[in-house]
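Positions are given from 1, in the same order as the sequence printed here. None of the values given here were measured: they were computed from a predicted structure.
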Amino acid sequence: MPLGEILAYLAGIVDGDGYFKVSRTYRTSGTVHPYYATTVGVSQLRPGEAVRTFATVFGGIIRDPRKVSQGRWMARCEVRGSKAESSARRLLPFLQLKRDQAILLLEIGRLRTGRARVRELGAACSQMEEVRQALRRSHDGIDRIGKLGPPLTSFEGYQRLTTEQLGWTREQLLSYLAGIIDSDGNLRIEKRRIKRMIGPHYRINIRCGQVLPSPAVELLARTFGGRVGLRKSRRPNQRDLATWSLHDKMAEPAIRALLPYLVVKKTEALHLLQLRRLKAEGKEGVTEWVHANRWRNSVRMRKRCYTTAQVAAFERIRQAVQALHSSVPEWPDPHSPRGV
């Protein structure tokens with residue numbers, strides 16, 4: 001895959017499961033002015049194929065695994081200092097949600113001076129602290145996208161550029177959206193029982209949800225159709241979600257377009273397309289029933305239906321997708337030859 005498409009994919013991953021962080025530390029007890037360290041990281045559920053790609057491209061190290069709820073493990077990778085600023089600069093043309101955070105991180109690198117005078121260093125530290133606070137507010141959702149805290153003339157207007165103005169190719173667009181689906185998307189098969197139907201109804205579904213505002217969700221809707229919905233938060237400490245989804249015939253072209261660029265959810269996408277292929281073969285069974293009539297003799301009716309074997313094949317595919325969603329793999333020993 002060309003480097004531009006890889007960077008676009010990783011930008012989608014960072015927009016979903018990544019973070020930009022600036023930490024303030026005093027290296028020694030006698031330090032007068034703090035040091036502002038920059039970090040770019042990605043964290044995903046193990047096995048974390050996208051995290052490995054991030055580490056390979058930007059020269060990061062996969063950190064020790066961290067256990068989360070229900071016994072699942074997180075794979076995470078961080079790059080710091082000059083590597084963090086380099087990765088932010090390379091990702092910047094493809095970021096949609098966290099473009100302002102990348103700009104703030106790059107501003108820290110610009111303000112960080114080497115051997116400057118104490119007076120100049122103090123002024124720079126004041127500006128870096130202002131930038132750090134703006135970055136923290138963006139993490140909390142206080143500052144909306146495109147409204148940075150301190151005035152940054154070097155990136156004025158850049159955070160409002162569209163994908164067309166940035167010159168994205170079709171392949172880069174699909175790579176970015178694949179990164180979004182691999183991070184905040186969901187591929188599943190819905191099973192519904194409808195009254196008076198012989199067997200259950202199976203349909204594929206691709207969807208994505210992100211906190212408001214979400215240019216990435218809007219970009220999915222503009223690219224593949226559908227519309228952006230709103231899911232209100234039920235808890236005071238949570239934010240509202242922008243949602244997008246497609247089902248069955250509308251979902252199939254989107255999955256086929258994203259399939260070459262998916263990394264984490266490629267197997268699930270193949271299962272969904274297999275279900276669509278089996279359904280496209282048609283209904284091979286026939287069902288008969290007697291339709292009662294009040295004014296004349298009852299009429300015997302016939303209708304096409306899925307056979308028991310077809311329904312069993314649908315169910316096996318659904319169970320395979322569910323197994324991918326609910327699997328809880330154990331983290332391998334990092335000291336073993338096959339460990340991380």
Presence of salt bridge, E49 and R52, under 4.0 angstrom: no
Non-hydrogen atoms of C77 and A55 that approach each other most closely: SG-CB, 3.6 Å
Ion pair check, R203 and D248, cut-off under 4.0 Å: no
Geometric cation-pi criterion, K191 with Y202: 6.0 Å, 45°: no
hydrophobic_cluster_shared for L273 and F314, side chain cutoff 4.5 Å: yes
Any donor-acceptor pair under 3.5 Å from Q101 side chain to K98 backbone: no
E85 and T38: side chain donor to acceptor below 3.5 Å: yes
Gap separating the CD1 atom of I6 from the CZ atom of R90, nearest 0.5 angstrom: 9.5 Å
Separation between CD1 of I204 and CE of M250, rounded to the nearest 0.5 Å: 11.5 Å
Heavy-atom side-chain proximity of L97 to Q210 below 4.5 angstrom: yes
L95/V14 under side chain to side chain contact (heavy atoms under 4.5 Å, CB included): CA gap, chis, key distance, verdict: CA-CA 8 Å; L95 293 170; V14 171; 4.2 Å; yes
Over 12 foreign heavy atoms within 6.0 Å of CZ, R231: no
Plane angle bin for F224 and W244 - parallel if under 30°, tilted between 30 and 60°, otherwise perpendicular: tilted
Sidechain-backbone polar pair: R304 side chain, K283 backbone, donor-acceptor under 3.5 Å: yes
side-chain hydrogen bond (donor to acceptor under 3.5 Å, both in side chains) partners of residues 11-23, not counting sequence neighbours, each pair once: D15-Y176, D17-Q44, Y19-E78
Where A75 and V51 come nearest, the two heavy atoms and their spacing: O-CG2, 3.5 Å
Aromatic contact, Y9 with F94 (centres under 6.0 Å): no
Donor-acceptor under 3.5 Å (D184 side chain, C208 main chain): no
Under 3.5 Å donor-acceptor, R80 side chain and G60 backbone: no
Exercise: identify the closest heavy-atom pair between W168 and P93: NE1-O, 3.0 Å
Gap separating the CD1 atom of I317 from the NZ atom of K279, nearest 0.5 angstrom: 10.5 Å
Pairs where residues 254-274 contributes a residue and the test side-chain hydrogen bond (donor to acceptor under 3.5 Å, both in side chains) is met, not counting sequence neighbours: E252-R256, E268-H325
Test item: V22 and V131 side chains (from C-beta on) under 4.5 Å apart, heavy atoms: no
Cluster check L241, L220: I/L/V/M/F/W/Y, side chain < 4.5 angstrom: no
Distance-minimising heavy-atom pair for S87 and V79: OG-CG2, 3.7 Å
Shortest non-hydrogen contact between M1 and P260, atoms and distance: CE-O, 4.3 Å
Donor-acceptor contact present, side-chain D182 to main-chain L262, <3.5 Å: no
Atom pair NZ/CG of K232 and L230 - distance to nearest 0.5 Å: 5.0 Å
Value rounded to 0.5 Å, distance of CG in L258 from CD1 in I206: 5.5 Å
Chi angles and distances behind the side chain to side chain contact (heavy atoms under 4.5 Å, CB included) call for L177, L173: CA-CA 6 Å; L177 295 178; L173 172 64; 4.1 Å; yes
Contact check, side chains of F58 and L91, non-hydrogen atoms, under 4.5 Å: yes
same_hphob_cluster(L219, V211) at 4.5 Å side-chain heavy-atom cutoff: no
Stepwise side chain to side chain contact (heavy atoms under 4.5 Å, CB included) test for E171 and L174: CA-CA 5 Å; E171 292 74 17; L174 294 176; 5.9 Å; no
Interatomic spacing from OG1 in T162 to CZ in R222 - rounded to 0.5 Å: 8.0 Å
Check: Y306 and E284 side chains under 4.5 Å, non-hydrogen atoms: no
Student check: side-chain heavy atoms of R76 and V42 closer than 4.5 Å: no
Side chain to side chain contact (heavy atoms under 4.5 Å, CB included) evaluation trace for N205 with L187: CA-CA 6 Å; N205 172 230; L187 299 170; over 6 Å; no
E190 with R188: basic N within carboxylate O range, under 4.0 Å: yes
Sidechain-backbone polar pair: E129 side chain, S126 backbone, donor-acceptor under 3.5 Å: no
L3 reachable from L166 in the ILVMFWY side-chain graph, under 4.5 Å edges: yes
Backbone N/O of K83 and side chain of S86: donor-acceptor pair under 3.5 Å: no
Note, T243 side chain near V228 side chain (heavy atom, < 4.5 Å): no
Considering all heavy atoms, the nearest A251-L246 contact: CB-O, 3.6 Å
